[in-house]
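Encoded as structure tokens, the structure appears first; notes follow it.
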There are 2 protein chains.
Amino acid sequence: MAYSIEELKEYLKKYNIKPSTIRLKILGFLLENRVHPTADDIYKYLIDSIPTLSRTSVYNALELFTDKGIVKPVSLNEKELRYDIKTDFHGHFKCEICGNIYDFPLQNQVYSEDFLEGFTIKDIHINYYGICKKCNQKIKLNKNKEEY
Amino acid sequence: MAYSIEELKEYLKKYNIKPSTIRLKILGFLLENRVHPTADDIYKYLIDSIPTLSRTSVYNALELFTDKGIVKPVSLNEKELRYDIKTDFHGHFKCEICGNIYDFPLQNQVYSEDFLEGFTIKDIHINYYGICKKCNQKIKLNKNKEEY
DNA sequence: CTAAATGCAAACGGTTTGCAATGCT
DNA sequence: AGCATTGCAAACCGTTTGCATTTAG
């Protein structure tokens, strides 16, 4: 869960990115907290440890990470983009109540290829929306309370 | 392909929406041109026939349509939202070259339900990104030209 | 006459840009 | 010194908001 500076440097090196304090901290945050943060989430998290940090630098780093393929922007019908560290093919579930975003596994299968014959598929985003397990349980509990 | 005013009025009525000139024209546009337009696309299309039209009214109508369930906003990693008239469950393919958005059929099957046990799924967005057939063919043609 | 619908202008908020300041080798 | 990185302030742009005006029943 916790990554050493050396590991983070090594990680960036693999993607041909020069390490800098900001980049290492953003990468560390992304790796250790798989929360699909917005640029602002990252900014707010880092501002304590880098008081001079600017939002621009966060955007710069995220753009670089995106270009180099470390990170993937996802838009979940919100106005802000979120950033997902690249891992296995997976889907996203966004809870409309708590706002949490859950990853869930996907077999590497496409829905129907027939129509897309001749198309080059470079990326697939599978986004589910609804109510997560936890929030469903809370709803159930409140209903029970009301009954007494 | 072409809808009469009466048909459009009937359509709105089903969704409990009072017909107004703007709403009827937007609905007509959405039904007759399945291009997943942005609010601005719609505004630009209508401004000729309604010179006093404001963007606000387009947003108002789209918000109403969304609330009533006529239309579904989709965000395809762009800054603007697009609006999709609700039809069968289908996926979207966005071409990175021409920018066109293609619908493609999906069997109504979910990837892996196991993880999402206890979750309430209200909506599923399947977005593919890449190069469409037409653009692929153009690329091929250009390559052939270069060879001579 | 009343309520709904429309439109204008300003505000909002996430992101981008231009450029100056700073840091690194 | 020279180049990359960072940071500030302003611009940008899609969208929202407040409110005044117009329209429709």
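In the text below, chain A, chain B and the rest are named by the order of the sequence lines, each starting its count at 1.
- Side-chain rings of B:F119 and A:Y128 stay apart, their centers remaining 6.0 Å or farther from each other.
- Regarding A:E63, its CD atom lies at a distance of 16 Å from the P atom of D:dG7, rounded to whole Å.
- A:N77 places a side-chain N or O within donor-acceptor distance of the main-chain N or O of B:P73, the cut-off being under 3.5 Å.
- Less than 4.0 Å separates DNA chain C from at least one heavy atom of each of the following residues of residues 13-23 of chain B: B:K18, B:S20, B:I22, B:R23.
- Across the protein-nucleic acid pair, B:L53 atom CG and D:dT22 atom C1' stand 15 Å apart, rounded to whole Å.
- Taking the six-membered ring wherever Trp is involved, the centroid distance between the rings of A:Y45 and A:F29 falls below 6.0 Å.
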All N/O pairs under 3.5 Å across the protein-nucleotides 11-15 of chain D interface:
residue	atom	partner	partner atom	Å
D:dT15	OP1	B:L81	N	2.9
D:dT15	OP2	B:Y59	OH	2.6
D:dT15	O5'	B:Y59	OH	3.3

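- Phosphate proximity of D:dG7 to A:T52: present, with a side-chain N or O under 4.0 Å from OP1 or OP2.
- As rounded to whole Å, 14 Å separates atom C1' of D:dT16 from atom CG of B:L62.
- Taking 4.0 Å as the cutoff to heavy atoms of chain B, we find the contact window on DNA chain C bounded by C:dA4 to C:dA9.
- Both B:I5 and B:I70 are part of a single hydrophobic cluster, where members link through side-chain heavy atoms under 4.5 Å apart.
- The SG atom of A:C95 lies 13.5 Å from the NZ atom of A:K133; values are rounded to the nearest 0.5 Å.
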